[in-house]
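Below is one structure; the comments refer to it alone.
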Amino acid sequence: MPELPEVETVRRTLAPIVGAKLASVRTSGLLLRMGSEIPEPALRALVGERIEALRRIGKYLLLDVSGPTGILVHLGMTGWLRIFPAAEPQPAHTHLVLGLDRKRELRYSDARRFGQISTYQRADERSHPALKVLGPDPLDASVDGAKLLYDNARRRNVTLKALVLDQGVIAGMGNIYASEALWISKLRPSTRSSKLSAKAADSLWQAIRQVLDHAITHGGTTLRDFVDAAGSSGEHADYLHVYGREDEPCARCKAKIRRTVQQGRSTYFCATCQPG
DNA sequence: CGTGTCACCTGACAGC
DNA sequence: TGCTGTCAGGTGACAC
């Protein structure tokens with residue numbers, strides 16, 4: 001479900017819980033990604049503290065709580081976070097409920113349980129194993145993304161799609177926006193990264209920024225079940241150029257969009273205006 | 001170092 | 001209606 005724009009949309013729509021006091025913690029007891037469990041005792045220890053800020057690094061959400069320990073959330077494929085009145089019935093697959101003030105609850109639900117919830121030390125968040133391996137966030141204005149892409153591309157020889165999806169290079173790109181960014185920058189997803197020119201790296205970076213900004217503006221992409229923290233769907237699916245559009249005409253050249261599989265995942269591109 | 005494949009888990013949907 | 005197969009926005013382990 002969620003790539004960077006969807007996680008950012010969730011972060012923004014969670015704004016109403018900033019300042020709220022954590023009153024209770026309840027979990028389903030089921031295991032999440034790779035058998036990881038929700039750290040209930042560590043979360044219980046946060047009861048009584050206030051949520052000070054919500055941040056995002058790549059696809060990870062960071063809940064800064066008033067003490068030294070924060071809450072780290074990754075939504076996986078089907079995870080969502082929503083603010084509910086406590087009286088609302090609990091939806092299926094709810095694995096974590098944080099009771100807040102004013103009879104509100106922050107609920108985490110995740111049908112496939114590919115998500116992850118853990119805690120981090122605010123003074124040293126980058127020492128968390130999940131955050132340690134992430135490249136910079138593409139919305140961080142201080143990042144020279146063109147150089148970052150170029151350097152990584154030249155020193156390795158992966159496909160451009162794999163490069164863009166590598167969270168250690170840039171944090172936050174996923175399967176939808178990888179195809180979209182490569183289409184915008186007219187680069188073939190199967191092209192080897194070692195052949196990337198500095199100019200192409202620059203245009204790829206611009207495309208990444210553009211597609212992420214655009215998707216955030218539209219509240220993310222809802223293909224089936226993504227909703228923000230208020231329960232609203234995103235509108236960006238209407239603006240996708242290639243993803244999910246096999247056999248439809250390319251918006252630039254009218255050739256049929258093609259679908260291939262790379263690393264076991266669908267890639268969409270235009271063979272005419274994304275030459276190899 | 002690179003890629004391919006599978007695994008994790010559930011639900012939606014197409015086709016029979 | 002119900003079965004089967006396929007696919008899904010993510011990530012990590014493993015074999016080659």
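Reminder, nothing fancy here: chain letters follow the sequence lines and each chain counts from 1. From a predicted model like this one, the values you see are computed outputs, not experimental measurements.
Distances were taken from every side-chain heavy atom of A:R192 (C-beta onward) to each of B:dC9, C:dG10, B:dT3; the shortest belongs to B:dT3. Distance from the side chain of A:F226 is smallest for C:dG9 among the nucleotides C:dG9, B:dC9, C:dT11. The side chain of A:M34 has C:dG12 as its nearest neighbour among C:dG12, B:dT3, C:dG9. In the set C:dG10, B:dG11, B:dT3, B:dG11 carries the atom at the smallest distance from any side-chain atom of A:H93. When distances are taken from the side chain of A:H74 to each of C:dA8, C:dG10, B:dG4, the shortest belongs to C:dG10. Nearest to the side chain of A:R259, among B:dT3, C:dG10, C:dC7, sits C:dC7. Minimum atom distance to the side chain of A:K59 is reached by C:dG10, of the listed B:dG4, C:dG10, C:dG9.
Spacing of P atoms, B:dT5 relative to C:dT6, comes out at 15 Å, to the nearest Å. Comparing B:dT3 with C:dA8, their C1' atoms sit 22 Å apart, to the nearest whole Å. B:dC9 and C:dC3 have their P atoms separated by 23 Å, given to the nearest Å.
With salt bridges taken as basic N to acidic carboxylate O contacts below 4.0 Å, none links A:R82 and A:E88. Ion pairing between a basic and an acidic side chain is recognised when a charged N comes within 4.0 Å of a carboxylate O; A:D166 and A:R156 show such pairing. Ion pair A:R122/A:E52 flagged as a salt bridge, since at least one NZ, NE, NH1 or NH2 atom sits closer than 4.0 Å to an Asp/Glu carboxylate oxygen.
The base of B:dG11 does not come close enough to the side chain of A:R112 for any donor and acceptor atom to sit less than 3.5 Å apart.
In terms of heavy atoms, A:R126 sits closest to A:I57 at NH2-CG2, 3.5 Å.
Residue side chain A:F114 meets the stacking definition with respect to B:dC8: its ring centre sits within less than 5.5 angstrom of the base's six-membered ring centre, and the planes differ by less than 30 degrees.
Of the side-chain N and O atoms in A:T78, none sit less than 4.0 angstrom from OP1 or OP2 of C:dA8. A:N157 has no side-chain polar atom (N or O) that falls below the 4.0 Å cut-off from OP1 or OP2 of B:dG2. Regarding contacts with the backbone of C:dG9, every side-chain N or O of A:R224 stays at 4.0 angstrom or more from both OP1 and OP2. Using a 4.0 Å cut-off, no side-chain N or O of A:R265 falls inside it from OP1 or OP2 of C:dC7.
Note on ring orientation: taking the six-membered ring where Trp is involved, the planes of A:H214 and A:H218 are perpendicular (angle over 60°, cut-offs 30° and 60°).
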